[in-house]
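Note that these values count all heavy atoms, side chains included, but never hydrogens, waters or copies made by symmetry.
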Amino acid sequence: VTMDDGKTLLAAVSGIGVLATQDEGQTWKAFDDGLESMLVFDLVSIDGQVFVLTAAGAYELEGETWIKLDAKSYYAGEAEGLMASLQQRIDVQEDLYSLELSALETHSIQKNQMKPVVFLNLISLNNHLLAGSVGQGLWCKTVSGWQQCGFEGKTINLLSRDIHGSQAVLQSCSPDEICKLYRGDGDTWIQVQAVPEHLTINDLLIINNQVWLATEAGLWRGADNSGAWAPAFNEQTALFAIASNPVDNCEMVAGGDGFVLLSRDCGQSWQKQLINEEGGAFQSILFVQGEQGRRLILGSKSGGTWLVPNY
């Protein structure tokens, strides 16, 4: 995430917290003042404001300090659903999960115990803040606080908006792990054509009214107005993230195991570029335009952060 000064970049590292760099990724320092948990799930910049989602809740950046956002509570059952959802997103040992989860509890985990809503993702859609949660659906930020606004009882695994902030796409999963895709404007959501059963979706993107999927079986897109799905690249190897350049959304990058796919023509054609021969699942993608030219910053699950100059 790029801060308003145009020079400071922030990165979320699970188990470590938030890091900052002012030299385009050459050196990093801790940037976690105010955070109660270093188990971070997501870091986003929304309309000039920076937010981070952690095991202890959602925070907004004020100056150089993280301020916790208010969140309602709900009655939840067991914690296994939360554990399973987080383990799909980040690779952290179970004892660390137990430690972080204990910070969320006031008593031992029991059925119908009061627990906080756990947010996994955050976007701004049509001037409203929306958050996807674990097992409690979609939440909307209003003047009176957070309110549940759809998909009750579901986990919102993935949530992404278009560059204009007017349309979004999300993946909603039921407790029995039946997942469906929806697109909408925040008020109305319409189910997208069913995705082929063999596809496990790791990330999604909506660009120019078209939905793109980064899956365990490669890159897929909605092929026509009927919503049918088709592979977008001839190699159907696992992809873990997909993003577009906020300055030019026809420039798109998908992250794989040690490589990226790059398109400069709105996804009409893709080129594969090897980054790390030893692999490393690239799960986050940041476009940077600075004094050192055009660069990509890629965050991986276990292989650190990579800089790609003049990509």
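- The ring pair (Phe, Tyr, Trp, His ring centres under 6.0 Å) search around Tyr182 returns Phe151, not counting sequence neighbours.
- By the 4.5 Å heavy-atom criterion applied to side chains, Lys154 and Ser174 are counted as neighbours.
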query = What's the verdict on side chain to side chain contact (heavy atoms under 4.5 Å, CB included) for Asn208 and Asn249, showing C-alpha distance, side-chain angles and the deciding distance?
reply = CA-CA 9 Å; Asn208 297 329; Asn249 65 351; 3.7 Å; yes
request  = List the steps, then state whether side chain to side chain contact (heavy atoms under 4.5 Å, CB included) holds for Val52 with Trp66.
outcome  = CA-CA 8 Å; Val52 64; Trp66 297 101; 3.6 Å; yes
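- Between Leu9 and Ile297, the shortest heavy-atom distance links the atoms CD1-CD1, 3.4 Å.
- Here CG of Leu298 is found 9.0 Å from OG1 of Thr305. Values are rounded to the nearest 0.5 Å.
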key: Arg294/Glu251 under side chain to side chain contact (heavy atoms under 4.5 Å, CB included): CA gap, chis, key distance, verdict   = CA-CA 12 Å; Arg294 294 158 52 91; Glu251 184 176 83; 2.4 Å; yes
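- Thr21 and Asp23 are linked by a side-chain donor-acceptor pair at a separation below 3.5 angstrom, with hydrogens and angles left out of the test.
- Across every non-hydrogen atom of Ile285 and Gly255, the tightest pair is CD1-N, 3.8 Å.
- Side-chain contact between Leu61 and Phe51 is absent, with no heavy atoms from C-beta onward closer than 4.5 Å.
- The CG atom of Leu205 sits 9.0 Å away from atom CH2 of Trp212, with the distance rounded to the nearest 0.5 Å.
- Summarising the geometry, atom CD belonging to Gln171 is positioned 5.0 Å from atom CG belonging to Leu158; distances are rounded to the nearest 0.5 Å.
- Between the CG atom in Asp162 and the CD1 atom in Ile123 there is a gap of 9.0 Å [rounded to 0.5 Å].
- Inter-residue side-chain proximity for Gln167 and Arg161 is flagged as unmet; no heavy-atom pair is nearer than 4.5 Å.
- Between Ser37 and Leu39, the shortest heavy-atom contact is OG-N, 3.1 Å.
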task = Would you please test Phe259 and Leu239 for side chain to side chain contact (heavy atoms under 4.5 Å, CB included) and show each step?
result = CA-CA 9 Å; Phe259 68 90; Leu239 297 173; 3.8 Å; yes
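- Minimum heavy-atom separation, Ser133 to Trp139: OG-NE1, 3.6 Å.
- Within the 4.5 Å cutoff, no side-chain heavy atoms of Leu262 are placed close to those of Trp270.
- One N or O on the side chain of Arg183 and one on the backbone of Asn209 form a donor-acceptor pair closer than 3.5 Å.
- With hydrogens and angles ignored, the 3.5 Å screen pairs a side-chain donor or acceptor of Thr155 with a backbone N or O of Gly135.
- A heavy-atom distance below 4.5 Å is not found between the side chains of Gln268 and Ser263.
- Contact of the Tyr59 side chain with the Glu36 side chain is registered, since non-hydrogen atoms from C-beta on lie closer than 4.5 Å.
- The hydrophobic clustering, which links ILVMFWY residues whose side-chain heavy atoms are closer than 4.5 Å, places Leu43 and Leu35 together.
- Atom CD1 in Ile207 sits 6.0 Å away from atom CE in Met252 (nearest 0.5 Å).
- A continuous path of hydrophobic side-chain contacts links Leu204 to Val192 [ILVMFWY only; heavy atoms under 4.5 Å].
- Between Leu130 and Leu138, the shortest heavy-atom contact is CD2-CD2, 3.8 Å.
- When ring centroids are compared, His198 and Trp229 stay outside the 6.0 Å threshold.
- Taking all atoms of both residues into account, the shortest heavy-atom contact from Leu125 to Ala168 is CD2-CB, 3.8 Å.
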Ring pair (Phe, Tyr, Trp, His ring centres under 6.0 Å) assessment of Trp146 paired with Phe119 = CA-CA 11 Å; Trp146 289 99; Phe119 291 154; 4.8 Å; yes
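- Linking ILVMFWY residues whenever their side-chain heavy atoms come closer than 4.5 Å, directly or via other members, leaves Val260 and Phe240 in distinct clusters.
- Taking hydrophobic clusters as Ile, Leu, Val, Met, Phe, Trp and Tyr residues chained together by side-chain heavy-atom distances below 4.5 Å, Ile201 shares a cluster with Ile206.
- Residues Ile275 and Val308 are in side-chain contact: their nearest non-hydrogen atoms beyond the backbone lie under 4.5 Å apart.
- Not counting sequence neighbours, the partners of Asn202 by the side chain to side chain donor-acceptor pair (under 3.5 Å) test are Glu216.
- No side-chain N or O of Ser166 forms a donor-acceptor pair with one of Asn126 less than 3.5 Å apart.
- In Gln191, the CD atom is crowded: over 12 heavy atoms of neighbouring residues, nucleotides or ligands sit closer than 6.0 Å.
- With hydrogens and angles disregarded, a donor-acceptor distance shorter than 3.5 Å links the side chain of Asp203 to the backbone of Ile242.
- The environment of Glu278 atom CD is sparse: at most 12 non-hydrogen atoms of other residues, nucleotides or ligands sit within 6.0 angstrom.
- A side-chain donor-acceptor contact under 3.5 Å links Asn121 to the backbone of Asn157.
- Clustering ILVMFWY residues whenever any of their side-chain heavy atoms sit less than 4.5 angstrom apart, transitively, puts Leu296 in the very cluster that holds Phe282.
- Taking 4.5 Å as the limit, some side-chain heavy atom of Glu64 sits within range of a side-chain heavy atom of Phe31.
- The side chain to side chain donor-acceptor pair (under 3.5 Å) test applied to Glu60 returns Gln49, not counting sequence neighbours.
- More than 12 heavy-atom neighbours from other residues, nucleotides or ligands sit within 6.0 angstrom of CD1 on Ile67.
- At least one donor-acceptor pair closer than 3.5 Å links the side chain of Thr215 to the backbone N or O of Ala217.
- The distance from atom SG of Cys140 to atom NE2 of His128, rounded to the nearest 0.5 Å, is 8.0 Å.
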